[in-house]
Structures are given as C-alpha cells and as structure tokens.
Amino acid sequence: MKIKNLTLLFFLALFCSNAGAQEFKLGKVSIAELEQKVHPKDSSAVAAILFKKGVTSFVFSQEEGFDVLNEITVRIKIYKKEGYDWANKQVGFLVGNGTSKEKVSFSDAVTYNLVDGKIEKTKLKSEGEFIEKVNKFWNRKKITLPNVKEGSVIEYKYAIRTNNIGMLREFDFQTDIPVNHSEYITYIPEYFVYNTKLKGFITPKTTIEKTNQSLTINSKERSGGGWTASSTSFTSDKIDYHETKTTYVVENAPAMKDEAFVNNIDNFTTSLAQELSMIQYPNRPIKPYSTDWNSVAKTIYEYDDFGPELNKTGYFEDDLKAVVAGLTSQNEIVLAVLNYVKAAVKWNGDYGYSCDNGVKKAYKDKTGNVGDINLMLTAMLRTAGLKANPVLVSTRSNGISIFPNRTAYNYVIAAVETSEGLILVDATNKYSNPNVLPFRDLNWFGRLIRKDGSSEDVDLMPKMASTDNVLMMYSIESNGKITGKLRRQRTDQNAMSFRAKIENVKEEEYLEKLENENQKIEIADYTRTNEKDVKLPIIETCSFTGTNLCEVIGEKIYINPLLFFTKEHNPFKQETREYPIDYGFPFIENYNININIPDGYVVETLPKSAQLNMEENIGGFKFRINAAENKIQLIISHQINTPIISSEYYSMIKDYYQGMIAKQTEKIVLKKV
C-alpha cells in the first residue's frame, strides 16, 4: 500500500509501542530450573512451559502501511524423553494468496544443560532451521533445538509479521503440558476495534491501561514548475492518539488431558482470538469489518480455484455418459458417480477447499487434493442432472472456528439436495458411501454454497446408527476348553473404519494379532465377505478354540459369557469433565450368544437380566439372559443415539458405563452334579 498524501497518512500512520518492562529475560536460565526432576504440580508431565509471553503490536511504514507484529517468547523444561518433541517448533505462514503476505523469523533459540554443575549453552545452528511447503498458500518454518536431553531447558523467540489486520493470531494459554506462566499483551490504537473471544475453561486475569501516544509524520510537497522554479517543502505533523494496552495472565494452567471421546482437544484449550470489528478514523465514517458465514462462503465461491473450477465440464462428459447410462433414480446416479470418481482420481493426502492443480489436470493425472476431487465430483453430479453443491468443512483435526473467516475451513465435500434431504458424499476415501463420510469430516456443521451465492449450515453428524452385530455360539468342556463359531457384521462407519484397518494387512498377520489380542485363542475357517463391495456390510466368520477363556476351580467353572468381547474398563475416569463426549456417530452394538454347558454340570449362578436407560434418549444398555437345561442364551445391546453429548451429562455417562461394565463382568458359575 503506497501512501500518497498527508490526509491518508494522518489516518493510517499509527504506531503502537510495545515498550514496557519484561520480568522474563531470555538467557536467564537458573541452575534450579535445570536441576528440577519433575514438575511440582504434575509429576506425570513429560515437559512444561516455564514461561510464555506473547506481544501483539502494530508497526507502520510509509511504503507499506500497517502490519501486525506478533512476538512470542517461550522457555520450556524437558523432564522425560517423551517430551523431546517440544524441542521442535513449527509456525505456519501465508505465502501466496495474492493480497496477504507474512514473514516468520526465529531468534535466540538455545538449549541449556547442566554439566558438572555448570550451565552449558548450545545455540541453534542454521541446519536446525528450515522451511516446509504445505500447499500453494501456506508454508511452515521449523526449528529443531540441538543437544536436548532429559533435564534440558530450551528457549526461543519467534516473530510473525503480517499485513492481515483482520484476524489477529490466536494465543494459547494452555496446551497438553503444564504452563507455569503465560502472558499475552496487545497494544491497540483507538482507531481499531476488535471483537475478543476467549475459549476454554480458565479465565485469564486481565488488566487494561489507556495511554496517550503520539507520532510525527514527515511529508514533502513539490510546488511550482512550468515557467516558475519548482520547490520542495517539508512538513512535520504530530498526531496524538490513545492506545489500549491489555494484559492477559494465566498462572499454573494444568495440562490438557486428552480424555476418551474428545473431538479435538484444541477446541477446549484456553486461548484468545481477536477479529477486527471496525476501523474508525477521525472525521471519517465507521468502516465495519466483521463478517458472517454467508459472506465468507460467497467470497470463497468466487475464488478462481473454487467456483470457476465447478464450471469446467468438458474434460469428463463423454466418460460420465457411460457411467450413468440407464440409471434413473437419484440414489443410483449419486452412487455411480461417487464410485467413478473414487476409482478415477486418487487423493494425494493434501487438504484444502480449493483446487491445487485444477480439476482438469487432476482428472488427467488421476491424482489431486481434496478440492480437486470433490469439486470435480460436484461438477459431475450437476452434469448428471442432480442439484449438487459444494459443502465447506472444517475437519476434526482443524477444529471449530470461533469467528467467521476464510481459514476456518480446510476441506470441501459435495451435497445433493433431494426432497428427502441432503445426500453428502466425499470421494477422497475409497470406502465412503452416500451419507457415510470419512470420520475426519464428522465435525459438527459445514456450510453449503449454492451458485447464487446463498449458503446454509449443514449438519455433518450422521443420523443413522452404524451397527456392529456379533453372533457367537460356543461349547464349554469340563476342563475349561471352549470351542465355538463367530459371525461379526459391521455397517456404515464401523465398516469403513474396519476396511481401512485391514487395508494392506495380510490375512495371516491380521489373524495372528486377533488371536493375541483375544486371550491367545486359535482361529480357523476364517472368511471375510463384502470386503470390496462397500455398499454392503462387511462380514467376518470363523471358528475358535480357547483354553484361557474361563476358570475351573474345584468342581466349578467360572465364565464371562461375552468371553473376549467383555468390556472391563470404564473409559471415563475423571471425576468431572469440561468437554463434550463426542462419539462422532450414533452406533449400536448387538451380541447374540448361545452357550452349551458341559454334561454333568448345571447352572449355579446366573447374572440377572438388566436394563440401563440414559436421560433424553441418549442411549441404553440391555442385558437379557435365560438358561434352560444345558443351554444359556444371552442377548446384549449397547446403543448410543446422540453422537455429541454435553458435558453436563458426564456423571450420568460415567455411571452408565460403570453399570454396563459391572453387568458384563458378572460371571456365570457352573457346578458339577
């Protein structure tokens, strides 16, 4: 941005000072810090952040205008080998979206060790710093601190300079290791107004100071010329303005523990995000900047590598005619086109809602990123006569954005609008089906964008339960040996994850692992049905023999009727929980078990039938058991109807699992007669 006149300078030339005393100084590592063996408040910690300080300020140049400068200073203690990863730091930055440009630099990166009672200092060398390309928009700058050992203290500083003032970099006060002290300071001139949103469950101590600042703008102006001599005059203008310094401090933030069934722990980490709401220069109208998801979606649709790519059709039309020939129903066409794209173009592993190399090149090369593949899929569905549109998605690993912004999304799928509702499809996974998306996609809501620029929220969470049905028949011998047959059928999400799990795994290797994980049973007559036909459930059948599946004590036999399917541990161990329970999809587990007891034995003790129901129809557990003569029949179901459950129900969920496990682990007792 070039500054051409004094008026514009007056409104834009604001300098945010980040002056102020710092209690923390790089290079002041103490022997006490190096001698510390465990974290005083978390003995399990593999590392801890001793101090983290962030400063966000505005810097101005007459050539470029305003930039935002983020400076982060960190000191970390390494306690265990498992904490060595904290000696690696990476920072992403924009490199090529046309208007935004960013620059990242590291400095003062040092490792400290205690050697013979003295502090040894090892500086980062040039080979420990490098840049990695992520995609055409993003790069990552990485450093790896040298000479890291158990007991090391490392520290570094990095700065990010960007001309994107619309969204300030998010600052994390918390992470998956303890943070002794974190501090974030912003210096904001009065002309910029930001919306500030805090996420997480810790409230920082906040102090606000208003100060008077001033800066001097020098300008020059040429006059005269023509028949008169030209002259240059220099002027200086002093501009007074108010600056707001806001300091956020968090002391002793505990490590974020990745509990069972958590979507993305970063969604609940204490952090601060700030979005530009408006700019108000003196004697000028307010210029609003806050946007909404509709505006974000419309902007993305108009990108050259998004909307225009959907209009390219000439490269596939002849092939598509053969694919849909003779098909009449929407469901048949959707499935046929999806399967064709899955087979024709392989996903290269790169995310992104926009095309990397373009749909035509991806089709020709038979490989592409998410945008290439699923925008191509959308275009084919449209050409086949269906009402198809792209749906922007933020994957589970990308988290959920607080503010509407273009970087909130990192993925795109396709949706077909029908009278019965939306059919969601993703061709990046060869095991996907209509409305059976890869697990990474199942992250709350996406946003569907139509050709006219309108958009709406799309619930990405599956409505139909995925099933896991087990039919097992086995006989018990008087010496405790068990022989039986097993049939297991998985559908939808369960089938997709199982197919991915066994991909490229030899059957012999798979069965050996299965035997070892299930109390050293021996498996024979193993078959697998519908392994490749993803529209059908995948079915396993086998015979098995086990000698470690029950206990024989005297003249009694003790057995868990579920054998190796018995759930013995409650996944919910914490007393309280702040995060939602996120299963990703509703599911039903069914077990139908028939047991033959040995001759000369009768049932002495049989668990009682039971039923557990959760509030709000969240789920339930049924345990039905009957014995007649020498046979026992057991029918069990465990059902979760709600894929995301609020943390307010945590106590109920924990008790439910405890009751279910207690019932499953009750033993049948057989006695000799």
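None of these values were measured; they are calculated from a predicted model.
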Original post:
Side-chain donor-acceptor pair under 3.5 Å between Ser44 and Asp42, yes or no?
Top reply: yes

Subject >> Ion pair check, Arg161 and Asp67, cut-off under 4.0 Å >> reply: yes

Original post:
Cut-off 3.5 Å, side chains only: do Ser466 and Asn494 have a donor facing an acceptor?
Top reply: no

Donor-acceptor contacts under 3.5 Å from residues 640-648 side chains, at least two apart:
residue, atom, partner, partner atom, Å
Asn641, OD1, Gln639, NE2, 2.7
Asn641, ND2, Asn617, O, 2.9
Asn641, ND2, Asn617, OD1, 3.3
Ser646, OG, Glu648, N, 3.3
Ser646, OG, Glu648, OE2, 3.4
Ser647, OG, Glu578, O, 3.4

Original post:
Passes salt bridge (Lys or Arg N to Asp or Glu O under 4.0 Å), Lys205 versus Glu251? Steps please.
Top reply: CA-CA 9 Å; Lys205 180 182 178 182; Glu251 301 282 1; over 6 Å; no

Original post:
Between the side chains of Asp426 and Ser432, is a donor N or O closer than 3.5 angstrom to an acceptor N or O?
Top reply: no

Subject >> Ring-face cation contact, Tyr187 with Lys245, 6.0 Å cut, 45° max >> reply: no

Original post:
Would Phe572 and Phe261 count as a close aromatic pair, with their ring centres under 6.0 Å?
Top reply: yes

Subject >> Set of residues satisfying salt bridge (charged side-chain N to carboxylate O under 4.0 Å, His left out) with respect to Asp655, sequence neighbours excluded >> reply: none

Original post:
ring pair (Phe, Tyr, Trp, His ring centres under 6.0 Å): which pairs involve residues 102-132, sequence neighbours left out?
Top reply: Phe106-Tyr158

Original post:
When you look at Tyr591 and Phe565, which way does the ring pair (Phe, Tyr, Trp, His ring centres under 6.0 Å) test go after all the steps?
Top reply: CA-CA 9 Å; Tyr591 300 90; Phe565 288 107; 5.6 Å; yes

Original post:
In terms of side-chain heavy atoms, does Thr144 have a donor or acceptor partner in Asn88 at a distance below 3.5 Å?
Top reply: yes

**OP:** May I ask you to say whether Glu503 pairs ionically with Lys430, meaning some side-chain N is under 4.0 Å from a carboxylate O?
**Re:** yes

Original post:
Is there a ring pair (Phe, Tyr, Trp, His ring centres under 6.0 Å) between His638 and Tyr657 once you walk through the steps?
Top reply: CA-CA 10 Å; His638 164 44; Tyr657 270 81; 5.6 Å; yes

Subject >> Electrostatic pair Lys567:Glu589 at N-O distance under 4.0 angstrom >> reply: yes

Original post:
On the ring face of Tyr409, is Arg447 found with NZ or CZ under 6.0 Å from the centre and within 45° of the axis?
Top reply: no

**OP:** Report the distance from atom NE2 of His39 to atom CD1 of Ile49, rounding to the nearest 0.5 Å.
**Re:** 10.0 Å

